[in-house]
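Structure first, commentary second.
Note that the numbering runs from 1 along the sequence shown for the chain.
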Amino acid sequence: QVPLVESGGGLVQAGGSLRLSCAVSGRTFHTYAAGWFRQASGKEREFVAAITRSGDNTYYADSVKGRFTITRDNSRNTLYLQMNSLKPEDTALYYCSITNRFYGLRANDYDAWGQGTQVTVSS
């Protein structure tokens, strides 16, 4: 597996912003589509956002559309999730992942996962 390491999580007030980063080891990040998922305590892991290999197409869950932006910098082997206008319901462990598919909208589409970074949004 290719290691992935998320960072940037933390505690933020509702309405605030965070930017998550995901560092992907190796030289082949550009060969993978990538995505962000989140999992709240006691709930299933859910899709947040996805991006194609070149970054030319992005996909978002309805719950985050217009607030979150997924980007990637293939030269730095890094995936990002800019989160604005955060809501308490965004509180979850956020995971980055990669897939050999053109893109993936389901957790089972993905091949490798980071350990997660906690995002907590207070009211």
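In this structure, Ile98 is a member of the same hydrophobic cluster as Ile70, with clusters built from ILVMFWY side-chain heavy atoms closer than 4.5 Å. Cluster membership for Leu20 and Val5, using ILVMFWY side-chain heavy atoms within less than 4.5 angstrom, is not shared. Cluster annotation: Phe68 and Val12 are assigned to the same hydrophobic cluster (Ile/Leu/Val/Met/Phe/Trp/Tyr, side-chain heavy-atom contacts under 4.5 Å, transitive).
Summarising the geometry of Trp113 relative to Tyr95, their closest heavy-atom pair is CE3-CB, 3.7 Å, with the distance given to 0.1 Å. Closest approach of Leu4 to Ala112, counting heavy atoms only: CD1-CB, 3.6 Å. For Tyr110 against Ala50, the heavy-atom pair with the smallest separation is OH-CB, 3.6 Å. The heavy-atom pair separating Phe29 from Leu79 by the smallest distance is CZ-CB, 4.0 Å. The shortest heavy-atom contact between Leu18 and Gly8 is CD2-O, 3.8 Å. Smallest separation of non-hydrogen atoms from Val48 and Val64: O-CG2, 3.5 Å.
The side-chain heavy atoms of Thr91 and Gln118, taken from C-beta on, include a pair separated by under 4.5 Å. Side-chain contact between Thr71 and Gln82 is absent, with no heavy atoms from C-beta onward closer than 4.5 Å.
Atom OH of Tyr60 sits about 12.5 Å away from atom CG of Leu105, to the nearest 0.5 Å. Taking OG from Ser97 and CZ from Phe47, the interatomic distance works out to 11.5 Å, rounded to the nearest 0.5 Å. Here Ile51 contributes atom CD1 and Asn57 contributes atom CG; the two are 9.0 Å apart, rounded to the nearest 0.5 Å. In this structure, OG in Ser41 is found 8.5 Å from CD in Gln39, a value given to the nearest 0.5 Å.
Among residues at least two apart or in separate chains, disulfide (SG to SG under 2.5 Å) pairs with a member in residues 56-123 are Cys22-Cys96. Residue pairs that meet the side-chain hydrogen bond (donor to acceptor under 3.5 Å, both in side chains) test with at least one member in residues 7-22, sequence neighbours left out, are Gln13-Ser122, Ser17-Asn84. Residue pairs satisfying the salt bridge (Lys or Arg N to Asp or Glu O under 4.0 Å) criterion with at least one member in residues 40-52, sequence neighbours excluded, are listed as follows: Arg38-Glu46. Among pairs with a residue in residues 61-78, those fulfilling salt bridge (Lys or Arg N to Asp or Glu O under 4.0 Å) read Asp62-Lys65, Arg67-Asp90, Asp73-Arg76, at least two apart in sequence or across chains.
Side-chain atoms of Asn100 do not come within 3.5 Å of backbone N or O of Asp111 as any donor-acceptor pair. Here the side chain of Gln115 pairs no donor or acceptor atom with the backbone of Glu6 at under 3.5 angstrom. The closest donor-acceptor contact from the side chain of Thr117 to the backbone of Tyr94 lies at 3.5 Å or more, if one exists at all.
Remark: Arg101 engages Asp109 in a side chain to side chain donor-acceptor pair (under 3.5 Å) (not counting sequence neighbours). Taking Tyr59 as the reference, Tyr103 meet the ring-ring contact (aromatic ring centres under 6.0 Å, His included) condition, with sequence neighbours excluded.
The 12-atom threshold is exceeded at CG of Asp56, counting heavy atoms of other residues, nucleotides or ligands nearer than 6.0 Å.
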